[in-house]
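I have placed the structure first, in the form of structure tokens, so that the comments after it can refer back to it.
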Amino acid sequence: MHISILEDEDELSQQLASLLESQGHSVSLFTDGLQLLRAIRDDIFDLYVLDWHVPGASGLEVLQHIRTIKKIEKPIIFLTSNANESDIVSVLNMGADDYCIKPLKPAEFNARLGALMRRAYPKKLNDFIRDFWGYQFNTFNQTVTFNNTQVNLNDKEFKLALCLFENAEGPISRQRLINEVWLGTGDSLSRSLDVHISWLRRKLNLSPSSGQLHLRAIHGFGYRLVVTPQSPFFEKPMATP
């Protein structure tokens, strides 16, 4: 997805960009409403994230232009510190699809964006879904669904879990996991890996007592995601004739 972000707080703007890019989206950043209005003439965005109070044209003016002048029906979500109920109602009535109050709460923001995407792009969203061993990974909003339960993961937890599931039943070295998730080396990262493994065991029910899949430590090497014989996904070896 190609997403535009109108936000004049640099730290928040970069945080949003990192969050969305980690999920595979391309992002264009704008600090001025007039910049975004000019860009709309030449570029096509799949979704708009708008702040209300920005230089140039305000987020409200940008919303009006998108909906009434350009007749663009792509999803729009406001992320702003303006929490006045009447303002929220007016923005939604003017055509915004959703509204988030600052400070940014990544899990809530991802959930709201995911809901917008499901409504606006039901077929395209399938590109973000991957199934492994009864677990459904949504790479758009970094959630994992299993046993009718949806779990939100942070960026590193999701990358680590995805790497383990992509290589289920095979041993993966600690160094490979650290390189792929943390992009570095060192004792502190090694400790972080162990902590994240512990969190995944709990959040995704991957302990030895789960009865389906579990994360097994390989002493002196790394980890392995094991499919237990009790799991409905376990494939028994074919009998020798």
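For the side chain to side chain contact (heavy atoms under 4.5 Å, CB included) test with L50, the passing option among I5, I77, L36 is L36; the others fail. Checked options N154, L153, D155, I197; the residue passing with L160 is I197 (criterion: side chain to side chain contact (heavy atoms under 4.5 Å, CB included)).
Panel note: side chain D8, backbone V54; no donor-acceptor pair is recorded below 3.5 Å. Counting only distance, with no hydrogens or angles, the side chain of S18 and the backbone of Q14 share a donor-acceptor pair below 3.5 Å. Without hydrogens or angle criteria, R224 side chain to I218 main chain gives no donor-acceptor distance under 3.5 Å. Between the side chain of E61 and the backbone N or O of S58 there is at least one donor-acceptor pair closer than 3.5 Å. Judged by distance alone, the side chain of N167 and the main-chain N or O of G170 form no donor-acceptor pair under 3.5 Å.
Judged purely by distance below 3.5 Å, without hydrogens or angles, the side chains of N82 and T80 never pair a donor atom with an acceptor atom. Looking only at atom types and distance, the side chain of S26 has a donor-acceptor partner in the side chain of H2 under 3.5 Å away. Residues N179 and Q175 have side chains that bring a donor and an acceptor to within less than 3.5 angstrom of each other. Between the side chains of R130 and T139, not a single donor N or O lies within less than 3.5 Å of an accepting N or O.
Hydrophobic clustering (side-chain heavy atoms under 4.5 Å, transitive across Ile, Leu, Val, Met, Phe, Trp, Tyr) keeps I3 apart from L6.
Between K159 and E180 there is no salt bridge, since no side-chain N of the basic residue sits under 4.0 Å from a carboxylate O of the acidic one. A salt bridge does not link R201 to D194: none of the charged side-chain nitrogens sits closer than 4.0 Å to a carboxylate oxygen.
At least one side-chain heavy atom of Y99 sits less than 4.5 Å from a side-chain heavy atom of W52. Residues V227 and E169 have side chains in contact (heavy-atom distance under 4.5 Å, counting atoms from C-beta outward).
Aromatic rings of F45 and Y48 (six-membered ring for Trp) have centroids within the 6.0 Å cut-off, being under it.
One distance of note links CG of L206 with OH of Y135; it measures 4.5 Å at 0.5 Å rounding.
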Quiz item: Do S207 and R202 pass the side-chain hydrogen bond (donor to acceptor under 3.5 Å, both in side chains) test, and can you show the C-alpha distance, the side-chain angles, and the key distance before you say yes or no?
Solution: CA-CA 7 Å; S207 66; R202 175 172 52 83; over 6 Å; no
